[in-house]
Amino acid sequence: VLVWGTALWVGIDSSKIQLNRYKLDLACRPAVLSCLCVWLWFFVFPWYLWARHKIKTGRAVLKEETTNQELPPFKRFLRRYLPVTRRVAEWLLISLAVSKLGFEVFCLAESWRGKRAWAACKVQLAAKGETLDWESFIPPAVPDSKNIFAAPKMAEWFTKPKGKKTGVNGLASRLKYTNSIAEVLIAEVTVADAGALANRGVTATWLKFDDPSSRQQAIELIQDAAGPSVFGVLTNTGLFVGRSPDANRFKPAHLLLAVERATTPKDVSEFFRNQSGAAGALRIRPVGSNVFQVFTPVSTATEYLAWSDQFQDDFNLMSAALERPYARMKGKYRPPSAMPVQNFVDLRNVVQILAQRAKCFLLLGKPEEALKELTLLRSLCRLLEAAPTGKPMTLVGTMINVAVAGLYVDVLADGFRLHAWQEPQLTALQAQLDQINFAPFVVESVRSERAAILSPFEADVLTMFETSRVPGATLWQKFKNLKPPYPLKGFFYLNMVTVAELDQAAIESIDPIRKIVLPKKVIEVQRKVEAMRHHFPYTFFAAIAVPNFAKAWRTFAYNQTKVDEAQIACALERFSLAQGNYPEALNALIPKFIQKLPHDIIGGEPLKYRRKPDGKFLLYSVGWNETDDRGQPSSPPNDHGDWVWP
């Protein structure tokens, strides 16, 4: 108001006093002077007051009137063409001033709209029982005697050190498996054209490159050729066998792979992806134009257990600490950026070691020892769940918890394949699986992160642009506290509305009470997230703050499905041990072998089950496409196909 009001007065007043008749530095037409005042108010307005004073006091000198004949040639040239150039510059300056006026009016309107949109958004969230107040997410203090992180070594191991990006400390370096392992040829893959194989009527078993079931079959053929074996979790451990490769007379599997295009070693490696951790451990080497050899490190389970026994004292400390009921990291929780974070690197290394130890025990026919390792692995997840309050949760921590569950289920599946689990272990594993429900944690993590982003942003950043109001302040104090309106404030408010609404839509795509995920709603949210890049001023902050919900939600749904299927698989195995075969329907498991059957997290319908002619069973979810594909498996995170056990 001050700038535009004084600029208008300068234009009118300079016309009255005929400013452009005097020899002054900025003597120009009134409209131009007014525009200059808009853009350079701090310099132009004081200058005009000084020039006006000189004119009023008679100290200003008038411009001399001369004819073209009296001027030298160069000045005549300037007099002839300079007015045209000056007129263009004047109109350009006027256009810029008008543009600035339009921009400021637009920003003021957006500021008014954004502030009211944000107020309405908070009212709507409050009506749904949601809160954006970070204080409500700060966990209460707990006694050290009941806090896991107050136990010896736990804070040192599992709290990320301040000032370090990765959080690596002594434990992580000690857990690295450094034993040298010789690579062994485990398979020879012959690649052939799919159409040619079909036309020639090849009767030998051949695998399809794009078929997830063929990928699983390839891993099983390799393990059958190796004898009792399991793939390790870490890429540098490869395949574990019960005896040394020489004593076991390791024979490579011969695979026939049907493809529809030219194949490279990278393509063959891609074929084995997502299968028991095998992809990272395999080395593919071409032999000729259509034959590839598959190598992997091979070691014995006994050797790995002997190496990892050095950490037994550390595992005992963890087990003792996890008997405590609370998991609250010590540190400041205000502001949210200062909040302590779990040391994901150490936690990942520990659970991988435990998973590999469990696999080795299963390979050696020691299911009770394998159960102990899995029980500790599962208990460590309480560090990620902030037991028992679940506050505050982070989406990264929740997704790592989901990934650990996938590793847990992978070990269970190896135990089923090796026929290692017995009734006592199956009962205990089933009880552990029954307690795994990620839906509340996923929802709570979005709420916590939303409050951690928006609450301090509103309290600290946007208040910088607001005039502080002090009760009983004097006129001078009010003047000192006065702040000019920030033109982009409205866009910040509208960005906050976008973040809050997208997070809320992601929350509402999960029903934690019914334990259901709605893929269609997730896909709709993801489309809105992807469309944000086309609305830059309204989404520049939201594009940074909003995560990739589609990928995270699909991974969560897939691993939760595997957990639920594993629970049913335990009950089916117990039924088989008692009855000699699998039941015709899942209802036969109730109530002796399972109290309640988990439903399909996609849609809430019962999981699909049928007994196969070979005596085995088929158990699956309809998957992300919400369509029953009759048990045709998919490789996650594929949108098509069913999620089949194992």
Side-chain angles (χ1 to χ4, degrees), residues 125 130-134 136-139 158-160 165-167 327-329 333 335-345 347-348 351 380-387 389-407 436-457 495-496 498-512 515 517-519 521-526 528-530 532 539 541-560 563 601 624 636-637:
L125 292 175
E130 303 286 343
T131 179
L132 300 178
D133 183 14
W134 173 246
S136 64
F137 292 92
I138 297 177
F158 299 115
T159 302
K160 182 179 178 181
K165 293 183 179 180
T166 60
R328 185 188 189 275
M329 290 179 289
Y333 287 82
S337 58
M339 180 181 69
V341 179
Q342 295 96 341
N343 190 335
F344 300 128
V345 176
L347 188 60
R348 179 197 63 191
V351 299
L380 282 169
C381 293
R382 293 174 55 218
L383 302 176
L384 299 169
E385 297 168 359
T389 60
K391 294 180 179 181
M393 296 288 294
T394 62
L395 188 56
V396 173
T398 300
M399 295 313 299
I400 290 178
N401 193 4
V402 169
V404 171
L407 186 61
I436 300 177
N437 180 13
F438 295 121
F441 297 128
V442 173
V443 170
E444 190 63 27
S445 67
V446 178
R447 288 174 175 152
S448 296
E449 292 212 345
R450 179 174 62 182
I453 293 170
L454 299 182
S455 181
F457 193 85
N495 270 264
M496 292 169 64
T498 302
V499 172
E501 290 180 345
L502 286 175
D503 283 352
Q504 186 62 28
I507 290 172
E508 293 175 356
S509 65
I510 300 175
D511 187 341
K515 202 169 80 170
V517 177
L518 304 173
K521 283 192 174 183
V522 178
I523 294 172
E524 182 181 349
V525 174
Q526 188 60 25
K528 293 179 180 178
V529 172
E530 293 173 353
M532 286 195 300
T539 59
F541 174 65
I544 301 173
V546 177
N548 185 344
F549 287 117
K551 183 178 180 180
W553 268 219
R554 185 165 46 190
T555 302
F556 141 64
Y558 178 82
N559 282 15
Q560 181 67 60
V563 167
I601 194 172
W624 198 250

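All residue numbers in this chain count up from 1 along the given sequence. Here the structure is a predicted model, which is why all the values come from computation and not from measurement.
- In this view, Glu501 satisfies the salt bridge (Lys or Arg N to Asp or Glu O under 4.0 Å) rule with no residue, not counting sequence neighbours.
- Under the side-chain hydrogen bond (donor to acceptor under 3.5 Å, both in side chains) criterion, Glu508 pairs with Lys128, Gln504, not counting sequence neighbours.
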* side-chain contact (heavy atoms from CB on, under 4.5 Å) evaluation trace for Leu347 with Leu380 -> CA-CA 8 Å; Leu347 188 60; Leu380 282 169; 4.1 Å; yes
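- Heavy-atom minimum distance, Ser445 versus Leu395: OG-CD1, 3.5 Å.
- Cys381 contributes atom SG, which lies 10.5 Å from atom CD1 of Ile400 (distance to the nearest 0.5 angstrom).
- Taking every heavy atom of both residues into account, Ala550 and Val522 meet most closely at CA-CG1, 3.7 Å.
- Of all non-hydrogen atoms in Pro340 and Thr159, the two that sit nearest each other are CB-CG2, 4.4 Å.
- When the side-chain hydrogen bond (donor to acceptor under 3.5 Å, both in side chains) test is applied to Asp133, no partner is found at least two apart in sequence or on another chain.
- Looking at residues two or more places apart in sequence or on another chain, you find a side-chain contact (heavy atoms from CB on, under 4.5 Å) between Ala505 and Val525.
- The ring pair (Phe, Tyr, Trp, His ring centres under 6.0 Å) search around Phe549 returns Trp553, not counting sequence neighbours.
- Looking only at side-chain heavy atoms (C-beta outward), Met393 and Phe137 stay at 4.5 Å or farther from each other.
- Looking only at distances, a side-chain donor or acceptor of Thr394 sits under 3.5 Å from a matching main-chain atom of Gly397.
- A heavy-atom distance below 4.5 Å is found between the side chains of Asn437 and Gln560.
- Between Met399 and Phe438 there is no side-chain heavy-atom pair separated by less than 4.5 Å.
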* Could you please spell out the steps behind the side-chain contact (heavy atoms from CB on, under 4.5 Å) verdict for Met496 and Ile453? => CA-CA 9 Å; Met496 292 169 64; Ile453 293 170; over 6 Å; no
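- The two residues Val402 and Asn559 make their nearest non-hydrogen contact at O-ND2, 2.8 Å.
- The nearest pair of heavy atoms linking Ala545 to Val499 is CB-CG2, 4.1 Å.
- Looking at residues two or more places apart in sequence or on another chain, you find a side-chain contact (heavy atoms from CB on, under 4.5 Å) between Glu524 and Lys528.
- Rounded to the nearest 0.5 angstrom, Leu454 CG and Leu125 CG are separated by 9.0 Å.
- Asp511 pairs by the salt bridge (Lys or Arg N to Asp or Glu O under 4.0 Å) definition with Arg514, not counting sequence neighbours.
- The salt bridge (charged side-chain N to carboxylate O under 4.0 Å, His left out) contacts involving residues 448-457 comprise Glu130-Arg450, where partners must be two or more places apart or lie in separate chains.
- A 4.5 Å side-chain heavy-atom check between Ile523 and Trp624 finds at least one atom pair inside the cut-off.
- Considering only residues two or more places apart in sequence or on other chains, Pro139 meets the side-chain contact (heavy atoms from CB on, under 4.5 Å) condition with Arg328, Tyr333, Thr389, Pro392.
- Of all non-hydrogen atoms in Leu407 and Val351, the two that sit nearest each other are CD2-O, 3.9 Å.
- Contacts of Gln342 classified as side-chain contact (heavy atoms from CB on, under 4.5 Å), with partners at least two apart in sequence or in another chain: Met329, Phe344, Leu384.
- Inter-residue side-chain proximity for Phe556 and Val517 is flagged as met; some heavy-atom pair is nearer than 4.5 Å.
- Qualifying side-chain hydrogen bond (donor to acceptor under 3.5 Å, both in side chains) partners for Glu385, counting only residues two or more places apart in sequence or in other chains: Arg378, Asn401.
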